[in-house]
Amino acid sequence: MTTITNNNVIGAWDAEHALPFEVPTLEAVGLPAGGLPSGGLPSAPTDAAGGLPSAPTGAAGGWPLSQLRAEFPILSERVEGGKPLVWLDNAATTQKPRAVIERLQEYYEHENSNVHRGAHTLAARATDAYEEARGKVAAFIGAPSADNIVFVRGTTEGINLVAQSFVKPLLSPGDEIVLTILEHHANIVPWQVLTQETGAVLRVAPVDDTGQILVDEYRRLFSPRTKFASFTQVSNALGTVVPVEELIAIAHAFGVPTLVDGAQSIPHTPVNVTALDADFFVFSGHKLYAPTGIGAVYGKREHLEAAVPYQTGGNMIKDVTFERTVYQDPPQKFEAGTGNIADAVGLGAAIDFLEQIGIAHIAAWEQELLRYGTAELTKVPGLHLVGTAHHKASVLSFVLDGHSVEEIGQALSREGIAVRAGHHCAQPILRRFGLEGTVRPSLAFYNTPEEIEQLAQVLHRLAG
């Protein structure tokens with residue numbers, strides 16, 4: 001078996017099947033069985049002098065990264081007059097492996113039907129595939145049961161579901177909801193809407209100058225009026241890894257339930273919602289190498305039972321008369337209408353693919369790339385990294401003296417390099433640093449040191 005050191009090999013690979021067949025324990029690569037520790041991701045290996053690593057090169061046995069990349073057809077795309085696509089916009093969306101693409105085709109060719117209600121063969125096939133995907137999600141995030149998993153369109157819909165169905169009935173005027181300044185707009189605006197509807201108040205935890213949460217300040221926000229807390233596990237704008245286990249424990253000490261926005265964490269590290277003791281956990285499939293328009297909400301059983309659906313219609317009812325309606329048990333009571341069946345199945349296929357590689361392997365390789373990318377970008381004159389917390393995931397936000405973020409994004413695009421340039425739907429945290437936008441390269445396990453070097457070369461030319 002090959003583990004990640006300084007090379008281009010991810011996991012241990014079966015040459016016959018072109019996918020890894022064995023992964024080490026999480027502890028073997030520095031991650032606890034419960035998932036991401038409160039301290040964050042482990043640092044990648046340093047060089048012999050203790051400094052930033054040189055470029056990982058070669059393939060010391062196993063299956064090379066180039067063949068793993070071949071599982072993603074779009075990575076062979078040519079853009080801008082024939083330049084190879086360099087996809088460094090993974091925090092916005094990840095590319096899809098052939099296994100997911102082919103699973104969607106299989107569904108539409110052999111299984112397509114509505115679920116749960118049909119009495120025919122295709123209905124049975126579609127229902128089995130849909131519910132099997134729910135079970136895969138539950139296992140992937142360490143949920144006790146598939147009944148804890150509600151399919152939604154993504155993180156945004158998931159947060160809105162929790163806000164309207166579970167939190168809103170808890171609130172009275174003057175009650176408080178705790179957030180952090182790191183949040184994506186999707187974890188701010190739904191709570192603002194609740195304050196307008198109920199008279200509740202938002203309280204916001206600050207960060208230090210590196211972008212890490214000031215935990216003592218977060219703790220001081222709690223009072224007898226606090227009814228809920230919601231926070232990201234990884235900042236989409238800075239890459240900061242938030243000590244969510246500690247934040248959850250503090251909230252629970254005050255009797256306050258929590259929601260964890262896992263949109264940016266779940267592609268990069270093992271997650272175990274039971275070990276975290278999360279009340280709710282939400283994520284989007286399209287950031288996890290799955291199709292767009294599908295995601296999931298994990299909720300503790302007692303919370304799902306207490307919540308009242310804010311969308312109603314077919315599929316989520318046991319019985320309807322003109323006098324009253326009886327809802328299905330969770331999770332079906334939150335899945336009104338015809339769901340995104342095919343893409344739920346595609347999410348299951350993405351999870352299968354990632355589990356064959358090993359999420360711990362992915363975490364370790366991406367940390368090597370992050371360390372190397374940090375080293376290369378800090379060599380660019382006038383470049384300032386934004387978000388320098390000790391524990392980060394795969395984001396390299398920056399600004400460059402004398403150049404707007406739009407100008408940099410366009411210059412990179414002309415070379416085939418795709419990055420995000422703007423406010424990343426996270427304006428409060430960028431304004432904390434006096435900025436309206438950054439350039440945000442973001443990494444995935446299929447990225448290479450050579451792509452980082454291409455990025456740095458263009459930035460050196462701009463700086464010069």
Side-chain angles (χ1 to χ4, degrees), residues 107-108 111-135 137-138 143-173 175 177 186 189-200 227-228 230 257 259 279-282 284-285 293-345 347:
Y107 173 83
Y108 281 119
E111 299 163 328
N112 184 45
S113 170
N114 213 318
V115 296
H116 296 142
R117 298 186 297 278
H120 50 79
T121 299
L122 293 191
R125 290 179 184 175
T127 299
D128 287 348
Y130 187 66
E131 294 303 332
E132 182 180 4
R134 195 191 306 273
V137 171
S145 166
D147 290 340
N148 296 103
I149 305 301
V150 179
F151 282 129
V152 289
R153 288 181 298 159
T155 302
T156 298
E157 186 177 37
I159 294 171
N160 276 275
L161 186 156
V162 175
Q164 292 293 327
S165 294
F166 179 75
V167 181
K168 186 177 179 179
L170 303 178
L171 298 178
S172 299
D175 286 342
I177 300 168
V189 179
W191 308 113
Q192 283 184 335
V193 170
L194 282 197
T195 66
Q196 294 161 6
E197 293 175 344
T198 65
K227 292 296 188 292
F228 200 74
S230 186
L259 179 147
D279 296 281
F280 295 96
F281 184 94
V282 297
S284 299
I294 190 67
V297 174
Y298 160 81
K300 288 184 176 178
R301 181 74 186 188
E302 61 268 27
H303 297 331
L304 294 179
E305 289 176 346
V308 179
Y310 82 112
Q311 295 183 40
T312 55
N315 197 53
M316 47 81 72
I317 51 91
K318 285 183 179 178
D319 188 72
V320 172
T321 70
F322 282 104
E323 290 72 39
R324 59 97 180 96
T325 295
V326 179
Y327 298 129
Q328 297 273 18
D329 294 331
Q332 280 77 22
K333 81 171 182 178
F334 301 105
E335 296 180 2
T338 298
N340 190 354
I341 303 163
D343 292 334
V345 174
L347 173 57

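Position 1 is the first residue of the sequence; numbering continues from there. Everything numeric here is computed off the predicted structure, so don't read it as measured data.
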How close do [X] and [Y] get, counting heavy atoms only, and between which atoms?
X	Y	value
D279	H303	OD1-NE2, 2.8 Å
A138	S145	CB-O, 3.7 Å
N114	I341	CA-CD1, 4.0 Å
I149	V137	CG2-CG1, 3.8 Å
S113	Y107	O-OH, 3.2 Å
T156	A186	OG1-CB, 3.4 Å

Problem - Over 12 foreign heavy atoms within 6.0 Å of CZ, R153 - result: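 Counting other residues, nucleotides and ligands, CZ of R153 stays at 12 neighbours or fewer.
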
At what distance, to the nearest 0.5 angstrom, does [atom1] of [X] lie from [atom2] of [Y]?
X	Y	atom1	atom2	result
Q164	E157	CD	CD	12.0 Å
I317	T312	CD1	OG1	10.5 Å
H116	T338	NE2	OG1	11.0 Å

Exercise for the section: State which residues pass side chain to side chain contact (heavy atoms under 4.5 Å, CB included) with A133; sequence neighbours excluded, sorted by chain then number. Expected result: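 Residues passing side chain to side chain contact (heavy atoms under 4.5 Å, CB included) with A133: F151.
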
Handout entry: side chain to side chain contact (heavy atoms under 4.5 Å, CB included) partners of P144, counting only residues at least two apart
Key =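 N148, T274, Y298.
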
Can you tell me if [X] uses its side chain to pair, donor with acceptor, with the backbone of [Y] under 3.5 Å?
X	Y	value
S165	V308	yes
R134	A344	no
N340	G293	yes

Taking side chain as C-beta onward, heavy atoms only, is [X] less than 4.5 Å from [Y]?
X	Y	value
L194	L171	yes
V345	Y108	no
P331	D147	yes
K168	T198	yes
D175	F228	no
N160	V189	no
K318	K333	no

Practice task
Any side-chain hydrogen bond (donor to acceptor under 3.5 Å, both in side chains) involving residues 319-329? Give me the pairs, sequence neighbours left out, ordered by first then second residue.
Solution key: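 Listed once each, the pairs are D319-R324, T321-E323.
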
Handout entry: Where at least one partner belongs to residues 120-130, residue pairs that pass side-chain hydrogen bond (donor to acceptor under 3.5 Å, both in side chains), sequence neighbours excluded
Key =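 Counting only pairs at least two positions apart or across chains, the side-chain hydrogen bond (donor to acceptor under 3.5 Å, both in side chains) contacts touching residues 120-130 are Y130-E335.
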
Exercise for the section: Check ring pair (Phe, Tyr, Trp, His ring centres under 6.0 Å) between F334 and all other residues, then give those that pass, not counting sequence neighbours. Expected result: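 By the ring pair (Phe, Tyr, Trp, His ring centres under 6.0 Å) rule, F334 matches no residue at all.
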
Handout entry: Which residues share a side-chain hydrogen bond (donor to acceptor under 3.5 Å, both in side chains) with Q196, sequence neighbours left out
Key =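 Q196 satisfies side-chain hydrogen bond (donor to acceptor under 3.5 Å, both in side chains) with no other residue.
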
